J.: 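This structure is in structure tokens; I'll ask about it shortly.
What's counted below: heavy atoms across the whole structure, side chains too, no hydrogens, waters or symmetry copies. Note that this is a predicted model, so its numbers are computed, not measured. Atoms within each ligand, like the ligands themselves, are counted from 1 in listed order.
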Amino acid sequence: MEINVAADETAVGVLAAEAVARALRGRPAPVLGVATGSSPLSTYDALAEIVRRGELDPSAVTAFALDEYVGLPPEHPQSYRSVITQEIVEKIGLAPEKTHVLNGMADDLLSECARYEQAMAEAGGVDVQILGIGSNGHIGFNEPGSSLASRTRIKTLAPSTRRDNARFFDDDIDQVPVHCLTQGIQTIMDARRIVLVAHGEAKAEAVAAMIEGPSGAQCPASVLQWHPRVLVVLDEAAASLLKHREYYDFAQSHSGDLLLESRRAHDQ
Ligand code: F6R
């Protein structure tokens with residue numbers, strides 16, 4: 001893992017977006033994995049800026065969302081289909097027809113999950129996956145205790161996740177769906193590169209467990225320790241509980257290149 005601590009949320013987004021753009025540029029049929037939630041919003045703003053500067057062609061990009069609530073119609077303002085259209089497709093200029101989101105209203109949810117896996121495989125797999133992290137250490141909606149070998153499937157949201165996400169539903173936990181469809185941990189691990197962003201004190205504990213804790217299902221994000229090309233971009237607050245921060249000042253993983261490349265791009 002390559003750990004980078006940026007000054008603030010905006011700087012987190014700039015650094016993460018540069019790394020994402022670099023991973024997509026030059027790919028004949030680039031595939032981007034997108035997360036919803038607040039964490040990557042500054043990354044999407046910075047990606048939109050990169051597109052405005054003419055440094056990335058968004059029309060060529062195929063995108064796959066990580067997850068979707070079960071039972072929310074796509075037009076519901078908090079369905080991930082709606083959020084992705086508003087915050088990602090329209091902002092960055094991705095092609096709507098190349099942007100895939102799980103259908104949480106499908107009659108046969110199991111087949112929907114299998115269809116999605118198939119579509120990802122047919123697209124050639126994900127070149128770079130953008131991730132946030134839940135305050136309980138989840139990635140996608142793979143809550144603590146999820147199988148590390150899991151693929152896209154139906155999950156029950158942890159009560160803490162429903163509490164965290166109630167802010168998007170008039171602060172009313174009862175409006176937050178109980179079930180979701182989510183890419184599995186192994187599905188996420190299949191991405192060629194991963195860029196995880198986190199900011200704010202509420203993420204500090206999960207971030208420390210992800211980077212320094214034992215790798216296991218109690219903190220699903222900690223499985224990323226086994227992925228060869230992960231860039232983690234944090235603000236000071238999210239990094240505040242790291243015990244070995246001084247070791248992370250230089251890229252040390254065997255991949256090395258993501259951070260170095262993004263730093264170089266940042267310095268230019
Ligand atoms: C979103 C997702 C989740 C979020 C996580 C953090 O598609 O899969 O794992 O990334 O819950 O959410 P925020 O960024 O809102 O704190």
J.: Please state which option from Pro40, Ser39, Ala206, Cys180 has its nearest heavy atom closest to atom 14 (O) of ligand 1.
T.: Ser39
J.: Any idea which protein heavy atom is nearest atom 6 (C) of ligand 1, and the distance to it?
T.: Ile133 O, 3.4 Å
J.: Suppose we measure from atom 12 (O) of ligand 1 to each protein heavy atom; which comes out shortest, and what is that distance?
T.: Lys203 NZ, 4.2 Å
J.: Have a look at ligand 1 and work out which part of Asn165, if any, has a heavy atom under 4.0 Å from it: side chain, backbone, both or neither.
T.: neither
J.: Counting C-beta onward and ignoring hydrogens, is there a side-chain heavy-atom pair between Val31 and Arg192 closer than 4.5 Å?
T.: no
J.: Would you say the side-chain atoms of Asn136 pair up with the backbone N or O of His138, donor to acceptor, closer than 3.5 Å?
T.: yes
J.: Tell me, which protein residue and heavy-atom name are nearest atom 11 (O) of ligand 1, and how many Å apart are they?
T.: His138 NE2, 2.6 Å
J.: Less than 4.5 Å apart, any side-chain heavy atom of Ile84 and any of Val89?
T.: yes
J.: Determine, for Glu18 against Arg53, whether the closest basic-nitrogen to carboxylate-oxygen distance falls under 4.0 angstrom.
T.: yes
J.: Which of the atoms in ligand 1, numbered in the order shown and given with their element, are less than 4.0 Å from a heavy-atom of Ser38?
T.: 13 (P), 14 (O), 15 (O)
J.: Is Asp108 paired with Arg115 through a side-chain N to carboxylate O contact shorter than 4.0 Å?
T.: no
J.: Could you tell me the residue and atom name of the protein heavy atom closest to atom 9 (O) of ligand 1, and the distance to it rounded to 0.1 Å?
T.: Gly140 O, 2.7 Å
J.: So, do Tyr69 and Phe169 have ring centers that fall under 6.0 Å from each other?
T.: yes
J.: Output the list of atoms in ligand 1 that are nearer than 4.0 Å to some heavy atom of Asp67, sorted by atom number.
T.: 1 (C), 2 (C), 7 (O), 8 (O)
J.: For the pair Ile188 and Val223, evaluate side-chain contact (heavy atoms from CB on, under 4.5 Å) and give the outcome as yes or no after the intermediate values.
T.: CA-CA 10 Å; Ile188 294 171; Val223 75; over 6 Å; no
J.: Considering the heavy atoms of Leu66, write down every atom of ligand 1 situated less than 4.0 Å from one of them.
T.: 8 (O)
J.: When you compare ligand 1 with Tyr80, is there at least one nitrogen or oxygen pair between them that comes in under 3.5 angstrom?
T.: no
J.: Would you kindly specify which portion of Thr36 sits under 4.0 Å from ligand 1, judged on non-hydrogen atoms: side chain, backbone, both or neither?
T.: both
J.: Determine whether any heavy atom of Arg167 lies closer than 4.0 Å to an atom of ligand 1.
T.: yes
J.: Taking 4.0 angstrom as the limit and counting only heavy atoms of Gly37, give me the atoms of ligand 1 inside it, by number and element.
T.: 14 (O), 15 (O)
J.: Got a sec: does the CG of Asp172 have more than 12 other heavy atoms crowding it under 6.0 Å?
T.: yes
J.: Give me the nearest non-hydrogen protein atom to atom 10 (O) of ligand 1 as residue plus atom name, then the distance to 0.1 Å.
T.: Gly132 CA, 3.4 Å
J.: May I ask you to test the Gln129-Thr187 pair for a side-chain heavy-atom distance under 4.5 Å?
T.: no
